[in-house]
Peer 1: 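Mind looking over this structure? Questions follow.
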Amino acid sequence: NLTPGWVLGILSITIGLIWLFWKHDHKAVRIRYLLFAVITYMLMGIWQNIDKFALNIIDPYSYTLINQLLLMFEIMAISPFLYNWIQLWFFRKNFKVIIVIGLTQWVSYLCAMYALSHAPNVGYSTAIANTHAIITALYGVFVLWEKITRRKIFVFICMILALLAFAFA
């Protein structure tokens, strides 16, 4: 269901990405990133409906465990083809931060599956599943001491607006 809430959420994410990826020197937007984000959130709506069906058969905790383990094996199988040595060096250097981000994603996904199994609104669980993006942004500011800029504040507001739109879709 592509409800007005989903459209508003996708639009908010698209505006946030345009603002985030805007090149100041060429005044160009990388359309590839925008298309990827829009397609990802449209597929997320489809996946949430499939998740809802699966959760009628299995409990949210087992489903999350199976889902995340399969995702981990998929990433491990694909990553040698996607990463070059520089990216592997970056992963090794930032291992603790990546683990914290992964754990917040896992917790938000578990909460989303629990919500999806109990709430009739699929968009509500999509919003919960994506709270890891807000947590990660806050982690960057308060733990990693990233510089707060107007651009980051605007993108953060777009993220919150998108989550609210999905929650009430």
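Note that the coordinates shown come from a computational prediction; the quantities given were computed from them, not determined experimentally.
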Peer 1: With side chain to side chain contact (heavy atoms under 4.5 Å, CB included) as the criterion, how do Trp145 and Val141 come out once you've worked through the C-alpha distance, each side chain's angles and the decisive distance to 0.1 Å?
Peer 2: CA-CA 5 Å; Trp145 300 100; Val141 170; over 6 Å; no
Peer 1: Ignoring hydrogens, what is the shortest heavy-atom contact between Gly16 and Val155? Give both atom names and the distance.
Peer 2: O-CG2, 3.5 Å
Peer 1: Are the side chains of Met159 and Leu163 in touch, meaning some heavy atoms are under 4.5 Å apart?
Peer 2: no
Peer 1: Tell me whether Leu138 shares a hydrophobic cluster with Ile135, the cluster being built from Ile, Leu, Val, Met, Phe, Trp, Tyr side chains joined at under 4.5 Å.
Peer 2: no
Peer 1: Kindly indicate whether the side chain of Ile134, heavy atoms from C-beta on, has any atom under 4.5 Å from the side chain of Phe156.
Peer 2: yes
Peer 1: Between atom NZ of Lys152 and atom CD of Glu146, what is the distance when rounded to the nearest 0.5 Å?
Peer 2: 4.0 Å
Peer 1: Test side chain to side chain contact (heavy atoms under 4.5 Å, CB included) on Leu65 and Leu110; report intermediate values, then the result.
Peer 2: CA-CA 9 Å; Leu65 178 65; Leu110 179 61; over 6 Å; no
Peer 1: Please identify each residue that fulfils side chain to side chain donor-acceptor pair (under 3.5 Å) with Tyr114, with sequence neighbours left out.
Peer 2: none
Peer 1: Just verifying a value: how many Å separate Leu8 CG and Leu161 CG, rounded to the nearest 0.5 Å?
Peer 2: 5.0 Å
Peer 1: Would you say that more than 12 heavy atoms from the other residues, nucleotides or ligands in this model lie under 6.0 Å from the CD1 of Ile148, or not?
Peer 2: no
Peer 1: Should Tyr139 and Thr104 count as side-chain neighbours, where that means a heavy-atom distance under 4.5 Å?
Peer 2: no
Peer 1: Looking at Pro60, is its backbone amide N or carbonyl O close enough to the side chain of Ser117 to form a donor-acceptor pair, meaning the two atoms are under 3.5 Å apart?
Peer 2: no
Peer 1: Could you walk me through whether Thr149 and Phe154 pass the side chain to side chain contact (heavy atoms under 4.5 Å, CB included) check?
Peer 2: CA-CA 9 Å; Thr149 63; Phe154 179 77; over 6 Å; no
Peer 1: What's the spacing between Ile153 CD1 and Arg150 CZ if we round to 0.5 Å?
Peer 2: 9.0 Å
Peer 1: Go through the steps to decide whether Ser62 and Asp59 satisfy the test side chain to side chain contact (heavy atoms under 4.5 Å, CB included), and finish with yes or no.
Peer 2: CA-CA 6 Å; Ser62 301; Asp59 67 286; 2.8 Å; yes
